[in-house]
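Remember, predicted model here, so these are calculated numbers, not experimental data. Protein chains get the first letters and strands the later ones, always in sequence-line order, with residue 1 at the start of each.
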Protein chains: 2
Amino acid sequence: MSDDTDACSIAASLGIVGDRWTILILRDAFRGLRRFDEFRRDLDIPRAVLAERLRRLVDHGVMTRRAYQERPVRHEYRLTRMGLELSPILVSLMQWGDRWCREDGPPTLLVHADCGTEIDLHFHCWHCDTPFSATDIASRPGPGEHHRPMPPLEGADPEEPPGDEPSSHRAATG
Amino acid sequence: MSDDTDACSIAASLGIVGDRWTILILRDAFRGLRRFDEFRRDLDIPRAVLAERLRRLVDHGVMTRRAYQERPVRHEYRLTRMGLELSPILVSLMQWGDRWCREDGPPTLLVHADCGTEIDLHFHCWHCDTPFSATDIASRPGPGEHHRPMPPLEGADPEEPPGDEPSSHRAATG
DNA sequence: CCACGTCGGTTCGCTCGCTGAACCGAGTTG
DNA sequence: CAACTCGGTTCAGCGAGCGAACCGACGTGG
């Protein structure tokens, strides 16, 4: 693969979590699963693959392996802070799937635990105090090296989504 | 694979974009690349794989293929609205990589085009008017079928990130 | 006219990773 | 001591990814 890990943090992230099984394991971890066999049964994943993926996640610091009992010693896997911070990725994957991969509406809603309000993960500029969309994103060099510019973006056909309106807010093209 | 596509929109999304090359192709599309050879050279991806991935993306409605010239007829690939709405996934992958996969700081910053303010993709409850994190997420059944509950989440070791503070949504560095 | 270059692919062996199934070791249960 | 649990490892087979070659439609230059 083009190892543009240096120039692109997306490529860097994919080096750790850029694989279907890994994402599903993490999803299950967010759902509270911790044990090898829980993951294995839920995902119906080959044992060897699960073992290898968990090892990778632990090696990278995304999960920890700790004994939850001695005699016989058995281990469980938990998300670290690094792992917990993957949540926006999983949430955005879920919301995109909700929106574009089904007609019958989301099977599960995510809400703010404190108040039960549905989670809304859209771009919002705290400076302009306004929502915006992908076409309103620009890029500029960061403190790290290896910047590659991103020209202004333009979509192709503005095909309508299957179901409802984009959202209550989200102005942009509308 | 456990085809829990019905129960889980994450699995459904992964069925379309759950593959390393596909994500990198989409990243390049967001950066403005459109032609077969642009993708191929930038990613150094095998031609056959690129052709197959683009075909899949077009089949699923994420990109369109349209001729940009006749004689000889040549095609370009563009993001549809469905594709453009993948941006939160890519942005969150990028921000996670910025934060956890490098010490030297992000190579590229994404900003709101209108005002240049850095993009901040964190959870924010518009009801409580407060930011929150993964551990403050709960779930409940949605309108679709097949709900699977998510118990309250608890991380393992609250290991510190390499760089700055976690919460208090990091404003633009400047 | 013919050789060469460009662009968007397809075809072809080879290899490498995923797969399901079997096996294993430490320990508990009956 | 046989059976079961849990967390793995090992192994043969197969399919997906790989680099390289080839292809077809067209423009270019000699």
### Task
Hey, which sits more toward the 5' end of DNA chain D by its nearest nucleotide, Ala48(A) or Glu76(A)?
Glu76(A)
#### Entry: Interatomic distance where CD1 belongs to Ile45(A) and C1' belongs to dG8(D) [whole Å]
13 Å
### Val73(A) or Asp19(A), whichever maps to the more 5' nucleotide of DNA chain C
Asp19(A)
### Query
Nearest-Å distance, CG (Leu54(A)) to P (dG8(D))?
8 Å
### Task
Output the single nucleotide from dG9(C), dA25(D), dG8(D) whose closest atom is nearest the side chain of Arg65(B).
dG9(C)
#### Entry: Check: Arg47(A) side chain, dG8(D) base, donor-acceptor under 3.5 Å
yes
### Task
Could you tell me whether the side chain of Pro131(A) reaches within less than 4.5 Å of the side chain of His122(A), counting heavy atoms only?
no
### pair Leu86(A)-Ile23(A): side-chain heavy atoms closer than 4.5 Å
no
### Task
Among dG9(C), dG8(C), dA26(C), find the nucleotide with the atom closest to the side chain of Asp37(B).
dG8(C)
### Query
Counting side-chain heavy atoms from CB outward, which of dG19(D), dG8(D), dG20(C) is closest to Pro46(B)?
dG19(D)
### Task
Have a look at Tyr68(B) and say if it touches a base, only the backbone sugar-phosphate, or nothing, with a 4.0 Å heavy-atom cut-off.
sugar-phosphate
Could you list all N or O pairs between the protein and nucleotides 14-16 of chain D that sit under 3.5 Å apart?
none

### Query
Rounded to the Å, how far apart are Glu70(B) CD and dG27(D) P?
12 Å
### Message
For a 4.5 angstrom cut-off between non-hydrogen side-chain atoms, does Pro88(A) reach Trp96(B)?
### Response
no
#### Entry: Among dT9(D), dG27(C), dG7(D), the nucleotide that comes nearest once only the side chain of Arg55(A) is considered
dT9(D)
### Task
With the side chain of Pro72(A) defined as its heavy atoms from C-beta on, choose the nearest nucleotide among dG27(C), dC6(D), dG8(D).
dG27(C)
### Query
In terms of the angle between their ring planes, are His112(A) and Phe132(B) parallel, tilted or perpendicular, with boundaries placed at 30° and 60°?
parallel
### Query
Choosing from dT19(C), dA26(C), dG19(D), which nucleotide comes nearest the side chain of Val49(A)?
dT19(C)
### Query
So does Tyr77(A) get a side-chain nitrogen or oxygen closer than 4.0 Å to the phosphate oxygens (OP1/OP2) of dC6(D)?
no
### Query
Can you find a side chain N or O atom of Trp21(B) that sits less than 4.0 Å from OP1 or OP2 on dC18(D)?
yes
#### Entry: Lys NZ or Arg CZ of Arg34(B) over Tyr68(B) ring: under 6.0 Å, within 45°
no
### Task
Take Asp37(B) and Arg40(B) through the test salt bridge (Lys or Arg N to Asp or Glu O under 4.0 Å) and record every step on the way to the result.
CA-CA 5 Å; Asp37(B) 230 48; Arg40(B) 200 196 58 74; 3.4 Å; yes
### Query
Looking across every strand, which nucleic acid part, if any, lies under 4.0 Å from Arg71(B) by heavy atom: base, sugar-phosphate, or nothing?
sugar-phosphate
